[in-house]
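Both counts, for ligands and for their atoms, begin at 1 and track the order of listing. We use all heavy atoms of the structure for the numbers below, so side chains are in, but hydrogens, waters and symmetry mates are not.
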Amino acid sequence: MAGLCNIDEAVRLLQSGQVVGLPTETVYGLGANALDTKAVAKVFEAKNRPSFDPLIVHIADLDGVRSIAELTPEAESLLLAFSPGPLTVVLKKKSIVPDLVTSGHPTVAVRIPAHPMMLQVLQQSGLFIAAPSANPFGYTSPTTAQHVLAQLGERIGGVLDGGACKVGLESTIVDFTGESPKVLRLGGMDVALLELVLGELPVQTSSSTPHAPGMLSAHYNPGAKIVLHDNVRDALRAAIIINDAAVLLFGPVDKADYEHQYSLSVSTSYTEAAQNLFAMLRELGAKYPEIHAVRLPEEGLGRAINDRLVRAAATR
Ligand code: TXA
Ligand code: MG
C-alpha cells in the first residue's frame, strides 16, 4: 500500500518510471513521465483504463508546450490568457510524444496546471507528465489525496498531498486541430471566459465523439443509483417514496419535509458547488443506495456540473 510522499520523493518516483498521485487545481491526477512508454503503460494498468482513451500531458510553461506540440496562434492566445489554469488544449503532436499517450492520434492534449506543488514537480523534474484523473476507469474523480489512496493505493508509488482541489471539476478541453476551435469537454474554466478571447465557441461534447472516449456517457460512478430532477419538489417526492435516498440540491436546504437533504452550495455559488461535487457524490454514494440530484441552472460552471451529473446518472 502506497502512502503520502513529499515533492522530492514524487520527483524521484516519476524519474524512475513510477506512477504517482499528484494534486492539481482541478482534480488529482495519476502522473507518469509522458516520454517513457513503459511508465505511461503503468498509468493505463493502474486505472484499468482502455488504451484507446488518450491522456493529457501536463507541462510547466509555453516553451514546454512548443517542444511537444504545434502551438497555433489562437491556442497560444488562449493559453496566455488563462494558463496556468483549468484549461486543456488539443494540438497537433510532435513525434517525440509516444503513441500510447495519444492513443495513436496525431494530436495531443496539453495543459499548464495551476497547483503550486504540481508546478514545482514539473519544474524540478524537468518532465512532461501524462496524467489522467486518479480514479479507476469509470469512477468519480478524486479531489483529495485520501480519495486517491482509497481507490488506487495498492497500485501506485505514492501520492503527493496538495490538499483539497480548489476547482473540483476537470479542465475544460478546447480542440484546435479542426477548421475552427471547439470545446470537447465542459469543465473548470467557464466557456464564456474563453469566448472573450476566441469569440463564439461551439461545444461538441457528444458522448459519441470517437477519439475522446473520456467523454463516454457513463462515467463518474459513485456506487449509488443517481436520478436527475428539474426541481427540488420532484427530487423530494421521489426520495420520500424510497425513504432511504439522498437529495442533492443547489441552494438552501429546508429539512422540515425530509431529513436526507444535502446542498452543493447553500449560498448558490457555482464555484463552491464545483469544489464539493465529487466529494459529495462519493460520500453520499457510500451512504445511500440512491441519490436524487437537482439540475443546476445551465449557466457558467452550472453547465459543467450538470454534465458530470448526467454522466454519473448514466452509470447504472
Ligand atoms: O483537469 C484535468 O483535465 C485532469 C487533471 C488531472 O489534469 N485530468 C483529466 O484527465 O481529467 P482524464 O484522462 O480523466 O480526461 C482527459 C480527457 C479524456 O476525455 C480524453 O479523451 C481527452 O482528455 N483527450 C486526451 N487527449 C486527447 C486528444 N488528443 N484529443 C481529444 N481528446 C483528448
Ligand atoms: Mg477522468
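Considering each of Asn135, Leu30, Val90, the one bringing a non-hydrogen atom nearest atom 30 (N) of ligand 1 is Val90. Nearest-heavy-atom check against atom 25 (C) of ligand 1 across Gly187, Ala131, Pro54 picks out Pro54.
Under 4.0 angstrom from ligand 1, there are no non-hydrogen atoms of His105. If you look at Met189 next to ligand 1, there are no close heavy atoms at all, none under 4.0 Å. Contacts of Ile173 with ligand 1, taken as heavy-atom pairs under 4.0 Å, involve the side chain alone. Contacts of Asp53 with ligand 1, taken as heavy-atom pairs under 4.0 Å, involve the side chain alone. Counting heavy atoms under 4.0 Å from ligand 1, residue Thr107 touches it through both backbone and side chain. Here Leu184 has side-chain heavy atoms under 4.0 Å from ligand 1, and that is the only part of it that gets that close.
There is no side-chain donor-acceptor pair under 3.5 Å between Gln261 and Asp254. Side-chain polar atoms of Arg12 and Ser125 form no donor-acceptor pair below 3.5 angstrom. With hydrogens and angles left out, the side-chain atoms of Glu299 and Tyr270 include a donor and acceptor closer than 3.5 Å. Ser269 and Ser267 share no donor-acceptor pair across their side chains, judged by distance under 3.5 Å alone. Under the 3.5 Å distance criterion, with hydrogens and angles disregarded, a donor-acceptor pair is assigned to the side chains of Tyr288 and His260. For the residue pair Glu298 and Asn306, a side-chain donor N or O sits within less than 3.5 Å of a side-chain acceptor on the partner.
At least one N or O atom of Ser133 sits closer than 3.5 Å to an N or O atom of ligand 1. Polar contact with ligand 1: present for Thr26 (N/O pair, distance under 3.5 Å). Ligand 1 has a nitrogen or oxygen under 3.5 angstrom from a nitrogen or oxygen of Arg111.
Near Gly29, meaning under 4.0 Å from any of its heavy atoms, are these atoms of ligand 1: 6 (C). Within ligand 1, counting atoms from 1 as listed, the ones closer than 4.0 Å to a heavy atom of Ala109 are 25 (C), 26 (N), 27 (C), 29 (N). The Ser171 neighbourhood of ligand 1 comprises atoms 1 (O), 2 (C), 3 (O), with distances under 4.0 Å to a heavy atom of that residue. Counting the atoms of ligand 1 from 1 in the order shown, those under 4.0 Å from a heavy atom of Pro132 are 10 (O), 12 (P), 13 (O). Residue His58 approaches ligand 1 through these ligand atoms, each under 4.0 Å from one of its heavy atoms: 5 (C), 6 (C), 7 (O).
Residue Arg49 places a heavy atom less than 4.0 Å from ligand 1.
Remark: Glu170 engages Arg308 in a salt bridge, criterion side-chain N to carboxylate O under 4.0 Å. Between Glu25 and Arg111 a salt bridge is recorded (basic side-chain N to carboxylate O distance below 4.0 Å).
Here the two rings, on Tyr220 and Phe278, have centers that are under 6.0 Å apart.
Ser133 lies close to the Mg ion (ligand 2), since one of its N, O or S atoms is found at a distance under 2.8 Å.
In this structure, Lys94 places its NZ atom where more than 12 heavy-atom neighbours from other residues, nucleotides or ligands lie under 6.0 Å away.
Here the side chain of Glu195 pairs a donor or acceptor atom with the backbone of Leu201 at under 3.5 angstrom.
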